[in-house]
Visitor: 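Below you will find the structure I want to go over with you.
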Amino acid sequence: MRLAVDITKRLGSFCLRVAFACEDGVLGILGASGCGKSMTLKCIAGIERPDSGHIELDGVTLFDSEKRINLPPQKRHVGYLFQNYALFPNMTVRQNILCGLRAEKHSRAQSEQALREVMELLGLTGLERRLPSQLSGGQQQRTALARILISQPKLLMLDEPFSALDTHLREKLQIEMKHLLRSYQGATLMVTHSRDEAYRLCDRIALMKTGRILTLQPTKRLFANPGTIAAAAVTGCKNIAKAVKAGEYEVDVPEWGVRLRTAAPVRESLCAVGIRAHYFNPRCMQNRCQVELGEIMEEPFELTVPFRYENQKSDSSELWWRLSKDCKPAAAKLELGVAPENVLLLYDEAEDRQ
């Protein structure tokens with residue numbers, strides 16, 4: 001199952017220009033609100049019409065501006081889970097789910113069998129006669145998914161599927177969703193602004209910014225080496241500063257007043273470095289420098305400790321160090337190190353990744 005997208009759409013001063021392909025597995029589209037993530041899904045689903053380009057799913061052209069092909073949504077075999085689930089409030093769970101079969105030709109027996117299977121899969125058995133208002137947030141989400149899956153779509157698209165849920169329920173349903181997506185036979189696109197959701201659920205991630213896809217990589221590889229300032233920030237790197245090459249495996253960071261050893265060779269076009277807050281370690285003997293700690297911010301299970309390097313510029317921002325509560329530092333001044341492989345080398349967005 002392969003989806004290929006290459007489209008352009010203008011909305012006032014905003015221009016969406018995206019080109020990517022995905023196959024089986026889960027591709028996450030990660031980016032800030034307003035960058036074009038949901039609009040991309042709507043164009044694929046046929047809810048919005050691109051100005052130009054081509055969309056193809058499993059060898060079937062869904063949209064082609066030159067050939068004047070624009071299949072209606074009901075003929076695209078795409079399942080789209082909206083942020084608010086879009087359940088019909090006056091219909092029962094059973095009726096909402098069966099709506100997914102109305103465009104198909106099924107006997108009553110086939111419909112009942114399909115209904116039983118999808119309700120059992122999603123843990124909805126026994127809720128057939130309830131209205132959406134009588135369901136929890138998780139049950140509403142599963143009902144909306146059941147309505148999509150009963151038609152056996154070739155592509156499943158999830159638009160911020162956990163945004164309407166509280167934190168506890170969100171984490172619980174992410175586990176359920178991960179098991180469900182493993183059993184799904186088609187391709188899946190998931191839009192999110194949460195790096196944690198993307199990391200937990202997606203095999204690959206496309207980072208989007210202002211209508212463009214910056215990069216598309218396997219999830220773990222992207223977090224290990226984001227490659228650009230924008231990608232590092234979106235994936236949660238808190239400590240980013242301008243840097244220059246000082247040697248084949250060395251960089252100078254003037255803002256922090258430090259020189260750091262790197263594991264990867266440094267290219268001349270280096271523009272910044274990043275260090276994730278969890279990467280600092282008082283026991284690490286590499287890239288070790290004296291620091292002065294700021295006021296510790298306590299969380300339920302971790303500490304966030306702002307600090308400044310000994311020779312750091314006075315007008316620069318503090319760095320962040322995150323660590324377990326049972327490792328709370330005893331002194332206001334100490335030495336912190338960071339392994340060379342944990343120094344992220346960041347280059348210009350326009351430069352081809354190497």
Side-chain angles (χ1 to χ4, degrees), residues 1-86 103 144 148 151 153-161 163 186-194 197-198 202 204-217 222 227-231 233-234 348-353:
M1 196 69 61
R2 185 175 188 272
L3 170 71
V5 178
D6 188 352
I7 56 173
T8 299
K9 182 173 178 63
R10 288 190 176 274
L11 290 169
S13 60
F14 179 81
C15 183
L16 177 72
R17 288 180 179 169
V18 292
F20 66 92
C22 69
E23 300 185 17
D24 294 345
V26 184
L27 172 63
I29 302 179
L30 176 63
S33 298
C35 71
K37 306 184 301 295
S38 294
M39 181 56 65
T40 300
L41 296 196
K42 290 176 181 177
C43 288
I44 296 169
I47 299 170
E48 294 281 350
R49 186 184 188 280
D51 297 326
S52 62
H54 181 88
I55 303 173
E56 184 176 305
L57 176 62
D58 197 25
V60 177
T61 299
L62 308 185
F63 173 81
D64 191 296
S65 55
E66 291 187 359
K67 297 179 181 178
R68 297 185 177 181
I69 297 173
N70 187 25
L71 294 186
Q74 62 269 26
K75 292 187 177 180
R76 295 196 177 200
H77 298 287
V78 169
Y80 191 168
L81 180 67
F82 295 89
Q83 291 183 32
N84 62 358
Y85 311 142
I148 292 169
S151 64
K154 294 180 179 178
L155 173 68
L156 179 61
M157 299 196 299
L158 312 174
D159 191 352
E160 299 279 6
S163 61
T188 301
L189 281 180
M190 189 182 83
V191 155
T192 181
H193 65 272
S194 168
E197 288 176 11
C202 302
R204 297 189 300 157
I205 294 176
L207 285 183
M208 182 174 277
K209 180 182 178 183
T210 58
R212 308 287 193 277
I213 290 180
L214 301 179
T215 186
L216 195 162
Q217 296 187 62
L222 174 64
T228 67
I229 294 176
V234 171
D348 188 88
E349 292 175 17
E351 183 182 346
D352 290 336
R353 294 179 61 85

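We use all heavy atoms of the structure for the numbers below, so side chains are in, but hydrogens, waters and symmetry mates are not. None of these values were measured; they are calculated from a predicted model.
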Visitor: Any chance you could measure Leu158, atom CG, to Ile148, atom CD1, to the nearest 0.5 Å?
Guide: 7.0 Å

Visitor: Please confirm whether the backbone N or O of Cys15 pairs with a side-chain atom of Arg212, one donor and one acceptor, at under 3.5 Å?
Guide: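 Yes.
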
Visitor: Output, in order, the C-alpha distance, side-chain angles, deciding distance and verdict of side chain to side chain contact (heavy atoms under 4.5 Å, CB included) for Asp51 and Ser65.
Guide: CA-CA 7 Å; Asp51 297 326; Ser65 55; over 6 Å; no

Visitor: Starting at OG1 of Thr61, measure out to NE2 of His54 and round the result to the nearest 0.5 Å.
Guide: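 That separation rounds to 4.0 Å.
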
Visitor: Do you know the tightest heavy-atom contact between Arg2 and Ala21?
Guide: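 Shortest heavy-atom separation between Arg2 and Ala21 comes out as NH2-CB, 3.4 Å.
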
Visitor: For atom NE2 of His193, is the number of surrounding heavy atoms from other residues, nucleotides or ligands below 6.0 Å larger than 12?
Guide: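 Not more than 12 within 6.0 Å, no.
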
Visitor: Are Glu160 and Lys37 side-chain neighbours, meaning at least one heavy-atom pair lies under 4.5 Å?
Guide: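 Yes, their side chains come closer than 4.5 Å.
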
Visitor: Within a strict 4.5 Å, meaning less than it, do heavy atoms of the Leu11 and Leu16 side chains meet?
Guide: no

Visitor: Under a 4.5 Å cut-off applied to non-hydrogen side-chain atoms, are His77 and Asp58 in contact?
Guide: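 No, their side chains stay 4.5 Å or more apart.
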
Visitor: Can you find a heavy atom in the side chain of Arg76 that is under 4.5 Å from one in the side chain of Leu57?
Guide: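 The answer is no; the side chains never approach within 4.5 Å.
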
Visitor: Please find the pair of heavy atoms, one from Glu197 and one from Met190, that lie closest to each other, and give the distance.
Guide: O-CE, 4.0 Å

Visitor: Compare all side-chain heavy atoms of Arg49 with those of Asn70 and state whether any distance is below 4.5 angstrom.
Guide: yes

Visitor: Nearest 0.5 Å please: distance from the CD atom of Glu56 over to the CD1 atom of Ile69.
Guide: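 Glu56 CD to Ile69 CD1: 9.5 Å, rounded to 0.5 Å.
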
Visitor: Supply the atom-to-atom distance Met39 CE to Lys9 NZ, rounded to the nearest 0.5 angstrom.
Guide: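 It is 6.0 Å, given to the nearest 0.5 Å.
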
Visitor: For Leu207 and Thr228, what are the C-alpha separation, side-chain angles and deciding distance, and is it a side chain to side chain contact (heavy atoms under 4.5 Å, CB included)?
Guide: CA-CA 11 Å; Leu207 285 183; Thr228 67; 5.9 Å; no

Visitor: Taking C-beta and beyond as the side chain, do Leu222 and Leu216 meet within less than 4.5 Å on heavy atoms?
Guide: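 No. Closest side-chain heavy atoms not under 4.5 Å.
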
Visitor: Give the minimum heavy-atom separation between Cys202 and Leu27, together with the two atoms involved.
Guide: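 Result for this residue pair: SG-C, 4.3 Å.
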
Visitor: Take atom NZ of Lys209 as the centre, draw a 6.0 Å sphere, and report whether it contains more than 12 heavy atoms from other residues, nucleotides or ligands.
Guide: no

Visitor: Working to the nearest 0.5 Å, report the span between CD1 of Ile55 and CD1 of Ile44.
Guide: 6.0 Å

Visitor: Is the closest side-chain heavy-atom distance between Leu71 and Val60 below 4.5 Å?
Guide: yes

Visitor: So, taking the atom named CG in Leu189 and the one named CD1 in Ile29, what distance separates them when rounded to the nearest 0.5 Å?
Guide: 5.0 Å

Visitor: State, to 0.1 Å, how close Gly211 and Val18 come at their nearest heavy-atom pair, and which atoms those are.
Guide: O-CG1, 3.8 Å

Visitor: So which heavy atom on Val78 is nearest to which on Pro153, and how close?
Guide: C-CB, 4.0 Å

Visitor: Do the non-hydrogen side-chain atoms of Phe82 and Asp159 ever get within less than 4.5 Å of each other?
Guide: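 Counting from C-beta outward, Phe82 and Asp159 never come under 4.5 Å.
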
